[in-house]
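Next up is a structure, given as structure tokens.
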Amino acid sequence: MAKEIPSRSEDYSLWYNELVKKADLAEHSDVRGCMVIKPYGYSIWEKMQQALDAMFKETGHVNAYFPLFVPKSFLAREADHVEGFAKECAIVTHYRLKTSEDGKGVVVDPEAKLEEELIVRPTSETIIWNSYKKWIQSYRDLPILINQWANIVRWEMRTRLFLRTAEFLWQEGHTAHATAKEAVDETLQMLNVYAEFAEKFMALPVIKGKKSEGEKFPGAVDTYCIEAMMQDGKALQAGTSHFLGQNFAKAFDVQFASKEGKLEYVWGTSWGVSTRLMGALIMAHSDDDGLVLPPKLAPIHVVIVPIFRTETELAAIREKANLVIQDLRKHGVTVKFDDRDTQKPGFKFAEWELKGVPVRLALGPRDLENGTVEVARRDTKEKQVMPIDQVAVNVVLLLEEIQKNMYKRAADFRQRMTTPVNSFDEFKKVINDKGGFVSAHWDGTKETEAAIKEQTKATIRCIPLDVPDEAGTCVFSGKPSARRVLFAQAY
RNA sequence: CGGGGUGUAGCGAAGCCCGGUAUCGCGCUUGGUUUGGGACCAAGAGAUCGUCAGUUCGAAUCUGGCCACCCCGACCA
């Protein structure tokens, strides 16, 4: 009862905030804009990291670590890039504290002013390219395919748990190549890695696309993204991959001698996903009873709730349950046996549902008598009773089924929430009344993009990659357009 | 950063207008009865009322500053 959360229809934002807290994923810290990721939430992030890291390694990348601090002068070298986030940088100006005059606290020691201020990294392009300059002389040094797992700081004005916090965790890949083609291929390869991860592990269908000029990373030549649809009809950018061209190579003077002996600037990419994926995971699947986790990312796959009155009964149930647990673990299934005698079964059911555990088994005296077990799935809340000696195999299959069903449900939802429109009246009506993605013709100008944003709060989420060209006219200006792009209000 | 709102026990709230030293539900502790969908009874513990200052004999209550969070807007690689 105490753990109940508001419904999505009542107040979606409140539902999200309460869910994150009540499911024990994260909470606000006493540091402005920063959150504490709690063990249950962090273990989901760890699962994401494991899966992504394996995919990065498979595609030839290695991990490294670069400093948290970036000298201010590094940022100054790439004017376009810095313009994007100069307004939200944390700056280190001093390196020492001293006891205050009244002896009651500490103050910044004015004597300890840094000669050059350090910026807490909002992203690491500059500090990494500064290193690459030292590492690259010849085409033989290329490509460099490095990823780093790190925390970064962007001093956001308005924060939300996981979706936008002042400090967050992410991975950033930074690669250097001898040719533009190789760098573009890398950019698209990583976009595909992200899409595959979202779909296979998060059960989250995404649209791969290219950002408009207005929406792209300022330091990039092209920005690609994966866009997902949340249950409230707003879009969420789940990952980005940038083709940097030679921008950073030029800013940091990174040249290499080609096979032909000519000096050329290096071609770069960068790509990242962050703890924001947690927000996407929550908002795409969860319901009014709590979290719904895809089995591939659930810290606990199966919880077994014993129904018992006495210690003797519990002992008998435990014996049976242990056989099931062993069997499940052989199949790589993570099982929790919830034998707390301080909570009633009903309470435990509700609690594990809140935490999104995909499968629940209930085992009581009646089951012991009949040789059965009750199996409940979180995604549909269906329950069935089955013979206990078949349960392990069935649960393994059920977990796969849940993973598939969650994807399908999200994909169907997105399908319903994608609306092609052919006039601006229709556009406005859909954005206001229905939400979701609006597929519309756009003349390709940033003036039109800005005007539409002004009037509808919808932005161009992406120019989808996998759609055929289709001649038409811009919904706003009536000018010719070669293809439809996706608009939506976004997180 | 602009507009609005909120901050009282671990959580959710009442009290504030009209100043007199804090109330309720959940949770927690102990004992007992319970246990197949969020148990019940009884007895307890727990709050210098976000924070700092001011007004006052006296401040959760009035005034001002600050901090945090929420909603709307601006911004968001």
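Chain A is the first sequence line, chain B the second, and so forth, proteins listed ahead of strands; every chain is numbered from 1. Because the structure is a prediction, the values reported are computed rather than measured.
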Given atom CD of A/E313 and atom P of B/rG36, what is their separation to the nearest angstrom?
->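 About 11 Å, once rounded to whole Å.
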OH of A/Y12 versus P of B/rC72: gap in Å, rounded?
->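 So the OH-P distance, A/Y12 to B/rC72, works out to 14 Å.
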Rounded interatomic separation in angstrom, taking CZ from A/R340 and P from B/rG27 =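 One finds 14 Å between P of B/rG27 and CZ of A/R340, rounded.
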For A/E374, report the nucleic acid contact type (base, sugar-phosphate, nothing); a contact means any heavy atom under 4.0 Å.
->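 The answer is base, as A/E374 lies within the cut-off (heavy atoms under 4.0 Å) of a base atom.
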A/D253/A/K133 ion pair, N-O < 4.0 Å |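 Between A/K133 and A/D253 there is a salt bridge, with a charged N closer than 4.0 Å to a carboxylate O.
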Which residue lies toward the 5' end of RNA chain B, A/W170 or A/A350, if each is placed at its nearest nucleotide?
->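 Its nearest nucleotide lies further toward 5', so the answer is A/A350.
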Would you kindly give the CD1-to-C1' distance between A/I307 and B/rG38, to the nearest whole Å?
->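 Value for this atom pair: 13 Å.
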Whole angstrom is fine here: how far is it from CD in A/Q489 over to C1' in B/rA74?
->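 It is 15 Å, rounded to the nearest whole Å.
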Integer angstrom distance from the C1' of B/rC16 to that of B/rA22 =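 Per the computed distance, 12 Å lies between those C1' atoms.
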Looking only at atom P, what distance separates B/rG4 and B/rC76, rounded to whole Å?
->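 Looking at atom P only, B/rG4 and B/rC76 are 25 Å apart.
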So does A/R318 pair up with A/E311, basic N to acidic O under 4.0 Å?
->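 No, no charged N to carboxylate O under 4.0 Å.
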Please write out the pairs of protein N or O atoms and N or O atoms of nucleotides 66-69 of chain B separated by less than 3.5 Å, giving the distance to one decimal.
{"residue": "B/rA68", "atom": "OP1", "partner": "A/R32", "partner atom": "NH1", "Å": "3.2"}
{"residue": "B/rA68", "atom": "OP2", "partner": "A/R32", "partner atom": "NH1", "Å": "2.9"}
{"residue": "B/rC69", "atom": "OP1", "partner": "A/G33", "partner atom": "N", "Å": "3.0"}
{"residue": "B/rC69", "atom": "O3'", "partner": "A/H28", "partner atom": "NE2", "Å": "3.4"}

Which whole number of Å gives the distance between the P atom of B/rU48 and that of B/rU35?
->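 It comes out at 40 Å once rounded to the nearest Å.
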Strictly under 6.0 Å, is that where the ring centroids of A/F424 and A/F427 end up?
->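 Close enough - the centres of the two rings lie under 6.0 Å apart.
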If we take the P atom in both B/rU29 and B/rA45, what is their distance in whole Å?
->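 To the nearest whole Å, 15 Å.
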Any donor-acceptor pair under 3.5 Å between the side chain of A/R309 and the base of B/rG36?
->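 No, the side chain and the base share no sub-3.5 Å donor-acceptor pair.
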Looking at the rings of A/F56 and A/W271, which for Trp means the six-membered one, are their centres under 6.0 Å apart?
->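 A/F56 vs A/W271: aromatic centres under 6.0 Å.
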Taking the C1' atom of each, how far is B/rG20 from B/rA59, in whole Å?
->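 Roughly 10 Å separates the two C1' atoms.
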What is the base-pairing partner of B/rG73, counting Watson-Crick and G-U wobble geometry with both distances under 3.5 Å?
->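 Pairing partner, where one exists within any strand: B/rC1.
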With sequence neighbours excluded, tell me which residues meet side chain to side chain contact (heavy atoms under 4.5 Å, CB included) with A/N130.
->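 Counting only residues at least two positions away or on another chain, A/N130 forms a side chain to side chain contact (heavy atoms under 4.5 Å, CB included) with A/F74, A/R77, A/K134, A/F252.
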Counting any heavy atom closer than 4.0 Å, what does A/R360 reach on the DNA or RNA strands: base, sugar-phosphate only, or nothing?
->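 Base, at least one base atom sits under 4.0 Å.
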C1' atom, B/rG31 versus B/rG12: distance in rounded Å?
->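 My reading of the C1' atoms in B/rG31 and B/rG12 gives 28 Å.
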Is there a side-chain polar atom (N or O) of A/R158 under 4.0 Å from OP1 or OP2 of B/rC72?
->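 For A/R158, the contact criterion (side-chain N or O under 4.0 Å from OP1 or OP2 of B/rC72) is met.
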Side-chain donor or acceptor of A/K383 under 3.5 Å from a matching atom on the base of B/rG37?
->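 Answer is yes: a donor-acceptor pair is held.
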Please determine, for B/rG7, whether a Watson-Crick or G-U wobble partner exists with both distances under 3.5 Å, and give it or none.
->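 The answer is B/rC67, by the H-bond criterion.
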Which part of the nucleic acid does A/D367 contact within heavy-atom distance under 4.0 Å: base, sugar-phosphate only, or nothing?
->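 Base contact.
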Taking any strand in view, what nucleotide pairs with B/rA45 in a Watson-Crick or G-U wobble way, both distances under 3.5 Å?
->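 Across any shown strand, B/rA45 pairs with none.
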Within the modelled atom types, does a donor on one side and an acceptor on the other bring the side chain of A/E353 and the base of B/rG38 under 3.5 Å apart?
->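 Counting by modelled atom types and ignoring angles, no donor-acceptor contact under 3.5 Å is found here.
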Flag the pair A/I207 / A/R461 as yes when at least one side-chain heavy-atom distance between them is below 4.5 Å, and no otherwise.
->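 Side-chain contact under 4.5 Å: no.
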Base, sugar-phosphate, or nothing: which does A/K348 touch, judged by heavy atoms less than 4.0 Å apart?
->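 Nothing, no nucleic acid heavy atom in range.
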Provide the distance between the two C1' atoms, one in B/rG46 and one in B/rG38, to the nearest whole Å.
->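 Per the computed distance, 24 Å lies between those C1' atoms.
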With heavy atoms under 4.0 Å as the rule, sort A/G364 into base, sugar-phosphate or nothing.
->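 Counting heavy atoms under 4.0 Å across all strands, the contact made by A/G364 includes a base.
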Got A/V335 and A/L361 here, is their nearest side-chain heavy-atom distance under 4.5 Å?
->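 They are not in contact (no side-chain heavy atoms under 4.5 Å apart), so the answer is no.
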Taking a pair as Watson-Crick or G-U wobble with both distances under 3.5 Å, which nucleotide is matched to B/rA39?
->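 Check on B/rA39: paired to B/rU33, both distances under 3.5 Å.
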Decide yes or no for A/F248 and A/H174: does some side-chain heavy atom of the first lie under 4.5 Å from some side-chain heavy atom of the second?
->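 With C-beta onward as the side chain, the pair stays apart.
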Would you say the side-chain atoms of A/R409 pair up with the backbone N or O of A/D379, donor to acceptor, closer than 3.5 Å?
->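 Answer holds: yes.
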Which whole-number value in Å describes the distance from A/W155 CH2 to B/rC1 P?
->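 It works out to 11 Å between those atoms.
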With both distances kept under 3.5 Å, what pairs with B/rG27, Watson-Crick or G-U wobble?
->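 Across all strands, not a single nucleotide pairs with B/rG27.
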Under the 3.5 angstrom rule, does the side chain of A/D367 hit a backbone N or O of A/G364 as a donor-acceptor pair?
->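 Side chain of A/D367 to backbone of A/G364: a pair is present.
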Which part of the nucleic acid, if any, lies within reach of A/S13 when heavy atoms closer than 4.0 Å are counted: base, sugar-phosphate only, or nothing?
->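 The answer is sugar-phosphate, as A/S13 gets under 4.0 Å only of primed atoms, P, OP1 or OP2.
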Map A/F308 and A/R164 onto RNA chain B by nearest heavy atom, then report which one ends up closer to the 5' terminus.
->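 Whichever sits nearer the 5' end wins; that is A/F308.
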For the side chain of A/N17, starting at C-beta, report the closest nucleotide among B/rC75, B/rC70, B/rG36.
->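 The nucleotide sitting nearest to the side chain is B/rC70.
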Does B/rU55 have a Watson-Crick or wobble mate here (both distances under 3.5 Å), and if so which one?
->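 Per the H-bond distance test, none.
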Find the distance A/L14:CG to B/rU6:P and express it as a whole number of Å.
->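 Checked: the CG to P distance equals 16 Å.
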When you compare B/rG15 with B/rC62, how far apart are their C1' atoms, in angstrom units rounded to a whole number?
->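 Looking at atom C1' only, B/rG15 and B/rC62 are 16 Å apart.
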Return yes when atom CD of A/E213 has more than 12 non-hydrogen atoms of other residues, nucleotides or ligands closer than 6.0 Å, and no otherwise.
->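 Not more than 12 within 6.0 Å, no.
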What is the distance from NZ of A/K457 to P of B/rC71, rounded to the nearest Å?
->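 Taking NZ of A/K457 and P of B/rC71, I get 14 Å after rounding.
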Which base, if any, makes a Watson-Crick or G-U wobble pair with B/rA22, both distances under 3.5 Å?
->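 Pairing partner, where one exists within any strand: none, as none qualifies.
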Strictly under 3.5 Å: I want the nitrogen or oxygen pairs between protein and nucleotides 39-45 of chain B, one per line.
none

Distance in Å, A/D24 CG paired with A/L19 CG, rounded so as to fall on 0.5 Å steps |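 If we round to the nearest 0.5 Å, A/D24:CG and A/L19:CG are 11.0 Å apart.
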So do the side chains of A/Q171 and A/H61 get within less than 4.5 Å of each other, counting heavy atoms only?
->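 Not in contact.
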